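First comes the structure, then the notes that go with it.
What you are looking at is a predicted structure, and each value in this text was computed from that prediction instead of being measured. Note that the numbering runs from 1 along the sequence shown for the chain.
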Amino acid sequence: MCRKIIFPICALIVLVISNAQADTNTISRYVPQAQQVGSGRLTFLFWNVYDATLYAPKAQWSAHEPYALSISYLREIKGAEIAKTSAEAIRDLGFSDEEILDDWYRRMLMIFPDVDKGSKLIGVRNDKGETIFYNNDQIAGTITDPAFADWFFGIWLNEKTQKPELRRKLLGLQTR
């Protein structure tokens, strides 16, 4: 009886540790001395949507240095919905060039997969300002425009974000 209970628990612990190690390997490829800056949960109304974690060199985030944002989804969401919501959030931040935004949106449609509970997407801003997306530890796509990185990650990290509490948690700032 104990074996039937203990083995699944041990297997789960190994899976969690190996997933964390895979994330660290992916992130450390681009972010030297990557450490967690902060983390938080996005909730919409009463639904938990995802948990997000920000990584930066020595846990010191700078918009102009490499960093990574890891998002672990807590529900099913279509990739097209993630792309649409991201484009709308970029627009809400004040981006007004609709031609460029439409191009970014089309690229996000090709990159963002449908996600299930437990899916993980990682977005990395590398030292060239490019954005590299990973889906469960596999490269999903790259957008080379440095302006995209600023606006896309601004969804969470810009002072004008629609989710200021999540921003504070990601940046490790004191919350009220």
Subject >> Glu159 vs Arg167, side chain to side chain contact (heavy atoms under 4.5 Å, CB included): CA-CA, chis, key distance, verdict >> reply: CA-CA 8 Å; Glu159 290 178 358; Arg167 176 184 183 268; 3.4 Å; yes
**OP:** List the steps and the verdict of side chain to side chain contact (heavy atoms under 4.5 Å, CB included) for Leu54 and Leu171.
**Re:** CA-CA 7 Å; Leu54 178 64; Leu171 294 176; 3.7 Å; yes
Original post:
When you look at Ile77 and Val49, which way does the side chain to side chain contact (heavy atoms under 4.5 Å, CB included) test go after all the steps?
Top reply: CA-CA 9 Å; Ile77 304 174; Val49 181; 3.7 Å; yes
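Under the 6.0 Å cut-off for aromatic ring centres, Phe95 and Trp104 qualify, their centroids lying closer than that. Taking the six-membered ring for Trp and the full ring otherwise, the centers of Phe153 and Tyr67 sit less than 6.0 Å from each other.
Both Phe112 and Phe44 are assigned to one and the same hydrophobic cluster, defined by single-linkage of ILVMFWY side chains at heavy-atom distances under 4.5 Å. The hydrophobic cluster containing Ile27 also contains Ile139, counting ILVMFWY residues as joined when their side-chain heavy atoms lie under 4.5 angstrom apart, directly or transitively.
What you find for Met108 and Ser86 is that their closest heavy atoms are SD-CB, 3.7 Å. Heavy-atom minimum distance, Asp114 versus Gly79: OD1-N, 2.7 Å.
Looking only at side-chain heavy atoms (C-beta outward), Thr142 and Phe133 stay at 4.5 Å or farther from each other. For the pair Gln35/Tyr55, no side-chain contact is recorded, criterion being any heavy-atom separation below 4.5 Å from C-beta on.
Residues Glu165 and Arg168 are paired through a salt bridge, judged by an N-O separation under 4.0 Å between the basic side chain and the carboxylate. Looking at Glu65 and Arg125, no side-chain N of the basic residue comes within less than 4.0 Å of a carboxylate O on the acidic one, giving no salt bridge.
If you take OH on Tyr134 and CG on Leu121, they are separated by 13.0 Å, rounding to the nearest 0.5 Å. With values rounded to the nearest 0.5 angstrom, Ser70 atom OG is found 4.0 Å from Lys120 atom NZ.
In this structure a side-chain-to-backbone donor-acceptor pair under 3.5 Å is present from Asn126 to Gly129. Although no hydrogens or angles enter the test, the distance criterion places no donor-acceptor pair under 3.5 Å between the side chain of Thr85 and the main chain of Ile82. In this structure a side-chain-to-backbone donor-acceptor pair under 3.5 Å is missing from Thr161 to Leu157. Formation of a donor-acceptor pair under 3.5 Å by the Asp116 side chain with backbone atoms of Ser119 is not found in this model. In this structure a side-chain-to-backbone donor-acceptor pair under 3.5 Å is missing from Asp51 to Ser72.
In this model, a donor atom of one side chain and an acceptor atom of the other lie less than 3.5 Å apart for Asp137 and Thr26.
Qualifying ring pair (Phe, Tyr, Trp, His ring centres under 6.0 Å) partners for Tyr105, counting only residues two or more places apart in sequence or in other chains: none.
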